[in-house]
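Sequence lines set the chain letters: A, B, ... in the order given, protein chains first and strands last, and positions in each chain run from 1. All values below were derived from every heavy atom in this structure, side-chain atoms included, with hydrogens, water molecules and symmetry-related copies excluded.
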Amino acid sequence: MYQYDAYDKAIVEQRAAQFRDQVARRLSGEISEDEFKPLRLQNGLYMQLHAYMLRVSIPYGLLASKQLRKLAEIAEKYDRGYGHFSTRQNIQYNWPRLHDVPTILDELASVEMHAIQSSGNCIRNTTSDHFAGVSRDELEDPRVYCELIRQWSTFHPEFAFLPRKFKIAVTGAPTADRAAVRVHDIGVRIIPDPEQSGATACQILVGGGLGRTPRIAEVCREALPREHLLSYLEAILRVYNRHGRRDNKYKARIKILVGALGIEEFRRQVDEEWEKIRDGVMRLTDEEFERVAVFFSSPDYERFTGKDGGPRTLADDDLRLAAWRLGPDRALGRWVASNVTPHRVPGYAIVTVSLKPKGKPPGDATSEQMELIADLADEFGFGRIVVTHDQNLVLPDVVLERLPEVHAKLSGLDLAEANVGKVTDIIACPGLDYCNLANARSIPVATRITEHMEDLDYLHDLGEISLNISGCINACGHHHVGNIGILGIDKQGEEFYQLMLGGSSSDDASLGKILGPAFPSSEIIDAVDTVLRTYIDERESADERFLDYVRRAGFGPFKARLYSNTDKAAR
Amino acid sequence: MSDSILRLPSADAPCVLAILDGRPAIVLDEWRSVADDEALPSPDEAPAVIVGPRRYAEARAAGLRVGLRVPGDAEPEGLLGDAHPELVAIEVPKFTDGRHYSLARLLREREGFTGELRAFGDVLPDQLFYMRRCGYTSFELKAGKSLATGLRTLQAFTVTYQGAVDEPRPLYRRRAF
């Protein structure tokens with residue numbers, strides 16, 4: 001993985017020193033709170049309902065075991081013994097004290113980490129596919145591109161005060177988008193170059209996003225040679241910085257500008273700007289690309305022997321996984337079925353560690369859990385961990401034959417919930433428990449759903465379903481792109497929840513639509529249950545995914561069961 | 001301007017931060033800003049004035065050294081026209097409005113402006129490093145802000161990743177290893 005050199009090291013150390021100076025001036029009164037706010041936000045320090053929240057950047061979600069141990073130590077020393085992994089593949093601490101933050105930044109710098117641009121109206125942490133480098137469906141490793149974008153965007157002097165926050169995501173798997181690139185301000189898809197066989201190019205999407213005005217991104221450039229990636233991004237950002245709306249924060253994201261201009265006119269403006277810079281010094285050199293790519297080259301995978309004494313094959317792996325899935329150990333079998341993904345290298349497997357156990361806030365991990373996961377990464381993989389945008393952790397390189405041991409160890413700390421990709425693998429924002437923007441709580445709804453889904457065979461029978469919960473229309477829980485989306489609203493001081501169906505953040509991205517009148521907190525779990533039972537009863541077969549059923553059957557069957565009771569419908 | 005730093009400023013003399021020979025310094029402000037509805041001073045009173053576009057020709061004709069004042073959201077394309085001001089002063093309406101960074105860069109990189117580029121208005125120490133990178137060479141801090149702090153924050157970082165006006169090459173075209 002990427003290793004800091006003297007330049008990177010100097011930048012994070014000087015950033016920590018700069019913030020220490022800023023905090024001292026804030027505490028002495030030299031800086032007002034209004035002036036301090038953007039400074040602390042660009043250092044990931046956010047004011048929540050009860051306290052400051054510190055969001056630490058995890059570039060494209062990738063962690064070394066020593067970094068995860070440091071995150072565990074920070075949670076223990078400066079917070080309440082846990083951290084919360086976010087949908088931007090970052091980690092958030094909910095209870096740090098302001099005067100500790102410069103010291104926390106120093107601690108982070110000691111393991112090549114920081115909180116730079118993890119909040120504020122700037123270019124945020126670039127996110128990516130959590131299976132980057134190890135999945136079978138990948139065309140090219142997106143992390144090389146992400147790291148180049150990280151360096152370009154870090155302290156970019158022209159784009160530190162954009163109209164609004166700006167999020168970029170990159171995927172290198174053109175048929176399996178796990179990075180939700182179509183709901184980002186800019187999405188980069190690495191695709192086969194249409195002009196040159198065997199080569200790749202970048203498809204640039206622009207103007208996607210969730211929030212109050214959800215929008216699916218449109219193609220801005222069909223196939224951009226990689227050497228032009230940074231100049232093209234610079235051109236988009238410059239058009240946005242100059243012309244994005246600044247009069248209304250809810251209309252300030254680039255999606256509003258793209259929508260107002262139309263994609264053709266937006267593209268014309270970007271191209272006009274790009275023509276002036278594309279062949280200048282920003283052009284990426286092959287040397288630079290190779291220099292960065294080396295950091296993401298494969299670890300030293302062992303060559304295993306297969307059944308017949310020859311080299312082990314992917315087919316051997318698939319057979320072994322199938323045997324576990326159907327085997328007598330149901331706990332292990334279910335876990336392999338949902339939490340283990342085939343690896344591109346024979347003899348290895350990708351393990352997703354669920355941070356969604358029954359009754360716990362989605363995405364939270366205690367210091368003890370983080371330490372265990374770091375140990376497992378060292379013992380069974382190559383010391384790497386990846387944070388997923390749906391708030392789980394991935395061990396990308398587990399020796400396949402040792403999966404039962406990994407499962408046993410994870411089970412010991414409530415980390416082996418066999419629910420990845422299932423309806424209880426919930427994305428939820430912090431909601432009214434923490435956030436001063438929220439209208440309703442999100443976490444208790446998530447925990448009640450996980451507690452309600454007691455029957456694991458039923459959970460697995462339901463198959464692949466995403467369920468996302470936001471506590472307000474700002475949509476941090478990505479409710480528009482959940483197959484099932486739940487939005488908390490406030491009705492005369494009471495928490496109500498709207499139910500949406502049909503969203504997806506993947507290659508078939510779509511926005512969910514509201515099903516009908518909202519449900520009070522006391523009825524929302526039953527409503528979700530009814531939706532699931534409707535699907536189970538009405539689907540063509542177990543091969544028809546929930547999302548496909550919703551798209552085929554529409555809302556009729558769900559509405560008929562949910563709102564059949566007339567006094568419910570009248571509400 | 002170089003002799004002005006040798007003079008010891010009195011306590012109430014107006015000072016600005018400036019980049020002199022590539023180094024940040026506190027200097028006496030030799031420019032006087034003249035509002036659109038204010039009479040122009042005589043060259044003896046104030047030899048160097050900053051005026052809005054409408055007063056530019058008049059100030060030139062009066063034999064003054066002239067700086068041009070523009071808003072932070074001005075379009076850089078053709079902004080200077082045939083005028084060749086010694087200084088352009090960009091107004092930062094609110095420090096969170098980042099349009100002036102693009103304006104400054106484009107004046108330098110595309111409109112070919114080589115004179116003094118000054119920021120005034122809501123100019124705070126903690127944005128100076130970025131401003132300098134975008135081509136500003138002098139900074140009139142918001143009233144009450146510390147010049148000493150500004151001198152320090154101008155030098156917050158010794159390393160930069162991306163190219164800008166101060167160093168057009170991105171790090172990958174100048175790295176030593």
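Sorted by first and then second residue, the salt bridge (charged side-chain N to carboxylate O under 4.0 Å, His left out) pairs involving residues 144-163 of chain B (not counting sequence neighbours) are Asp21(A)-Arg152(B), Glu35(A)-Lys145(B). Applying the ring pair (Phe, Tyr, Trp, His ring centres under 6.0 Å) test to pairs two or more places apart or on separate chains, those with a residue in residues 135-174 of chain B are Phe155(A)-Phe157(B), His100(B)-Tyr136(B), Phe129(B)-Phe157(B).
When Arg291(A), Gln22(A), His243(A) are compared by the number of non-hydrogen pairs under 4.5 Å with chain B, Arg291(A) comes out ahead. When the candidates Ala10(A), Pro38(A), Gly244(A) are compared by the number of heavy-atom contacts under 4.5 Å with chain B, Pro38(A) comes out ahead. Ranked by heavy-atom pairs under 4.5 Å with chain B, the first of Met282(A), Glu288(A), Glu13(A) is Glu288(A).
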Would you check, one step at a time, whether the test salt bridge (Lys or Arg N to Asp or Glu O under 4.0 Å) holds for Asp141(A) with Arg143(A)?
-> CA-CA 6 Å; Asp141(A) 195 328; Arg143(A) 295 169 302 180; 2.6 Å; yes
Yes or no on side chain to side chain contact (heavy atoms under 4.5 Å, CB included) for Lys37(A) and Met47(A), after CA distance, side-chain angles and deciding distance?
-> CA-CA 9 Å; Lys37(A) 189 176 168 190; Met47(A) 189 59 147; over 6 Å; no
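The interface of residues 267-274 of chain A with chain B, defined by heavy-atom distances below 4.5 Å, comprises Glu273(A).
Taking the six-membered ring where the residue is Trp, the centroids of Phe159(A) and Tyr130(B) are separated by 6.0 Å or more.
For Ala6(A), the parts lying near chain B are the backbone and the side chain together; criterion is any non-hydrogen pair under 4.5 Å. Proximity to chain B is limited to the side chain of Glu234(A), based on heavy atoms less than 4.5 angstrom apart. Contact of Ile11(A) with chain B is made through backbone and side chain together, with heavy-atom distances under 4.5 Å. Both the backbone and the side chain of Leu284(A) come within less than 4.5 Å of a heavy atom of chain B. For Glu75(B), the parts sitting under 4.5 Å from any heavy atom of chain A are the backbone and the side chain alike.
Among the candidates Lys255(A), Arg253(A), Arg124(A), the single residue satisfying the salt bridge (charged side-chain N to carboxylate O under 4.0 Å, His left out) test with Asp185(A) is Arg253(A).
Scored by the side-chain contact (heavy atoms from CB on, under 4.5 Å) test, Asn125(A) finds Pro59(A), Asn90(A) as partners (sequence neighbours excluded).
For the residue pair Ser138(B)/Glu116(B), the side-chain donor-acceptor check at 3.5 Å is satisfied. With 3.5 Å as the limit, one finds no donor-acceptor pair spanning the side chains of Tyr7(A) and Gln151(A). Thr153(B) and Arg25(A) form no side-chain donor-acceptor contact under 3.5 Å, judged by distance and modelled atom types alone.
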